[in-house]
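None of the values given here were measured: they were computed from a predicted structure. Hydrogens, waters and symmetry mates are skipped; everything else that's a heavy atom, side chains included, is used. Numbers here are sequence positions counted from 1.
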Amino acid sequence: MDASMDLLVWLEPDMSLKILTSLEDPADIVRLVAVSRSWRHFVVANGLCKQLCLKMFPELSRVAHVIEVKQHATEEDVELGFSSNWMEWESMVRDHRVYAFLARCCTSFVAENCIGEAISASSTDNYPRESISNTLESTERFSRRISYWSSKGQHNCEVPETLIYKLASDFCVITEISIQPFQAYFQEGLPIYSARGMRFRIGHPKSPLDLENVPMEEPCDDKFIWTYTSQVFQMAQLNRLQKFELPKPVLCIGGYLQIELLGRVQRQEIDGLFYICVSRVQVLGRLLAPALGVDILDSSGKFILKQFLQADNSPINLPENKPNSINDIDLERRVRTLQQIVDMFRGNGGVNAWDVDDADSDEELVF
């Protein structure tokens, strides 16, 4: 391109930067890089892809540095990734590649299930029959039993409850959370034990060792550092999956989610106490593994952003997800459910302690 026709030469650098940082589509920045060597140098030197990602996800301000990790890397490859002797330009080019890939992954996608496993609840009324793990089942009945989590009863309707889950990846984008309150159709009046409101937090454990042998029916909120807190969402006292769509996608760094249920609205007639009960929890978004990952460095939330490369140094692309598809997590739960049903019919002793023959026993009438 002739220098006299090059806008980056004709305009002042500050004006060029102001114009180009207004771009919101990562594809536009990729096209800029392809215009000429001078345009590529300008884009890379000014970190336009990184600035775009920071506008999309302010959480990325905690990135300490970026590395590329080759699949089946040798010790030499790993040392190169962390070396401080790289030339400054090579470091900027690497950052450009990683942030451009991240922006492309997060710009357009079909939401998928991002929840992995249940970790703990702040209280559980009848464990394991009313365990938090029941909230991950896709049906209201599991092994002939009604599937729900119930808190312990409280005289004070303002006492909150928390549910903690491990997400399917330590690095993902969350777009919405859905919660279905539980309706006790076996009680007079068919009460619905919803909360008044909900908010959620995202974070990482203070130490992975802290989560070993954590009882699922006891609180463990103090074992985490929460780096993001959402607004408060109002919950309706309705027996349906209620969707709480976020104003903008949130980047989850660390892989753990806390749902805080605020306020109680339903008193149980038999004991006069307030309860919160949940049938189902769903988290939708975009899993960024296995292409991208993070390493938490310290309690401040600083982390290393990693992109994983194949043996030929090409990026590991994320699989194309399809709407209404069954992912590995849901498939594993369905297989486990079917196996327990088969064991029950065979008369094996592998069913849970709360799986009894009479699905309408008197035990089920109280929490």
Side-chain angles (χ1 to χ4, degrees), residues 24-27 29-30 33 43-44 47-73 77-78 80-82 86 90-116 165-175 202-205 208 225 227-228 246 248-257 283-298 301-322 327-329:
E24 297 182 353
D25 188 341
I29 298 180
V30 172
V33 173
V43 169
V44 172
L48 294 189
C49 282
K50 180 178 180 180
Q51 293 188 49
L52 174 60
C53 286
L54 283 170
K55 285 197 296 185
M56 295 168 61
F57 305 112
E59 300 88 348
L60 289 170
S61 62
R62 300 197 305 274
V63 173
H65 57 274
V66 174
I67 65 171
E68 295 175 318
V69 181
K70 186 187 297 185
Q71 201 173 42
H72 310 300
D77 293 327
V78 174
L80 182 62
F82 284 92
W86 276 12
E90 290 177 336
S91 177
M92 288 189 292
V93 170
R94 178 201 60 216
D95 286 7
H96 168 77
R97 286 195 298 263
V98 175
Y99 282 111
F101 182 80
L102 173 60
R104 178 168 64 85
C105 292
C106 298
T107 300
S108 178
F109 58 87
V110 176
E112 59 186 318
N113 182 22
C114 290
I115 204 162
Y165 299 89
K166 187 179 189 302
L167 299 176
S169 169
D170 62 358
F171 196 45
C172 57
V173 178
I174 295 177
T175 56
I202 287 172
H204 57 87
I225 295 174
T227 55
Y228 173 87
L246 307 181
K248 58 181 295 186
V250 174
L251 194 63
C252 177
I253 301 164
Y256 286 85
L257 169 74
V283 179
L284 295 182
R286 172 66 151 163
L287 298 175
L288 298 175
L292 296 160
V294 298
D295 281 340
I296 305 297
L297 293 177
D298 51 42
K302 291 285 185 180
F303 65 96
I304 298 171
L305 175 59
K306 301 185 294 184
Q307 181 179 13
F308 296 96
L309 306 177
Q310 301 185 67
D312 61 355
N313 288 330
S314 62
I316 298 177
N317 289 316
L318 294 174
E320 292 295 329
N321 48 13
K322 298 179 181 180
N327 61 27
D328 292 341
I329 300 170

message: Side chains of L60 and F303, heavy atoms from C-beta outward: is any pair under 4.5 Å?
response: yes
message: Going by side chain to side chain donor-acceptor pair (under 3.5 Å), name the residues that satisfy it together with K306, two or more places apart in sequence or in a different chain.
response: D295
Sub-4.5 Å side-chain heavy-atom contact between L284 and C114: no
- line: From the list D170, I253, I296, V294, side-chain contact (heavy atoms from CB on, under 4.5 Å) partner of H204 resolves to I296
field: Side chain T227, main chain I202, donor-acceptor under 3.5 Å
entry: yes
query: Which pair of heavy atoms, one from G301 and one from R62, lies closest together, and at what distance?
result: O-NE, 3.2 Å
- prompt: Within the side chain of R94, is there an N or O that forms a donor-acceptor pair under 3.5 Å with the backbone of V66?
  reply: yes
message: So, using ring pair (Phe, Tyr, Trp, His ring centres under 6.0 Å) as the criterion, who are the partners of Y256 when residues are at least two apart?
response: F224
task: For the residue pair L305 and Y99, establish whether any side-chain heavy-atom pair is separated by less than 4.5 Å.
output: yes
field: Residues V250, V173; criterion side chain to side chain contact (heavy atoms under 4.5 Å, CB included); working and verdict
entry: CA-CA 6 Å; V250 174; V173 178; over 6 Å; no
- request: Would you please name every residue forming a side chain to side chain donor-acceptor pair (under 3.5 Å) with Y165, sequence neighbours left out?
  value: T135
message: Between L309 and V69, is the side chain to side chain contact (heavy atoms under 4.5 Å, CB included) condition met? List the steps.
response: CA-CA 6 Å; L309 306 177; V69 181; over 6 Å; no
task: Please list, chain by chain and in numerical order, all residues satisfying ring pair (Phe, Tyr, Trp, His ring centres under 6.0 Å) with Y228, sequence neighbours excluded.
output: F200
field: Results of side chain to side chain contact (heavy atoms under 4.5 Å, CB included) for S314 - residues two or more places apart only
entry: Q310, D312
field: E112 side chain to L287 backbone, donor-acceptor under 3.5 Å
entry: yes
Let me have the donor-acceptor pairs involving side chains of residues 100-109, under 3.5 Å, with sequence neighbours excluded, atom names and distances please.
residue: T107; atom: OG1; partner: A103; partner atom: O; Å: 2.5

- prompt: Judged by atom type as modelled, is there a donor-acceptor pair below 3.5 Å linking the side chain of T175 to the main-chain atoms of P249?
  reply: no
field: Nearest-0.5 Å distance that lies between atom CG in L246 and atom CD1 in I174
entry: 7.5 Å
query: Which value, rounded to the nearest 0.5 Å, describes the distance between N313 atom CG and E68 atom CD?
result: 8.0 Å
query: What are the two closest heavy atoms between L167 and C172, and how far apart are they?
result: CD1-SG, 3.8 Å
query: Side chains of L288 and L251: does their closest heavy-atom pair fall under 4.5 Å?
result: yes
- prompt: If you round to the nearest 0.5 Å, how far is CG of L297 from NZ of K302?
  reply: 9.0 Å
message: Do V283 and L257 have side chains that approach each other closer than 4.5 Å (heavy atoms only, starting at C-beta)?
response: yes
query: Any side-chain heavy atom of Q51 within less than 4.5 Å of one from L48?
result: yes
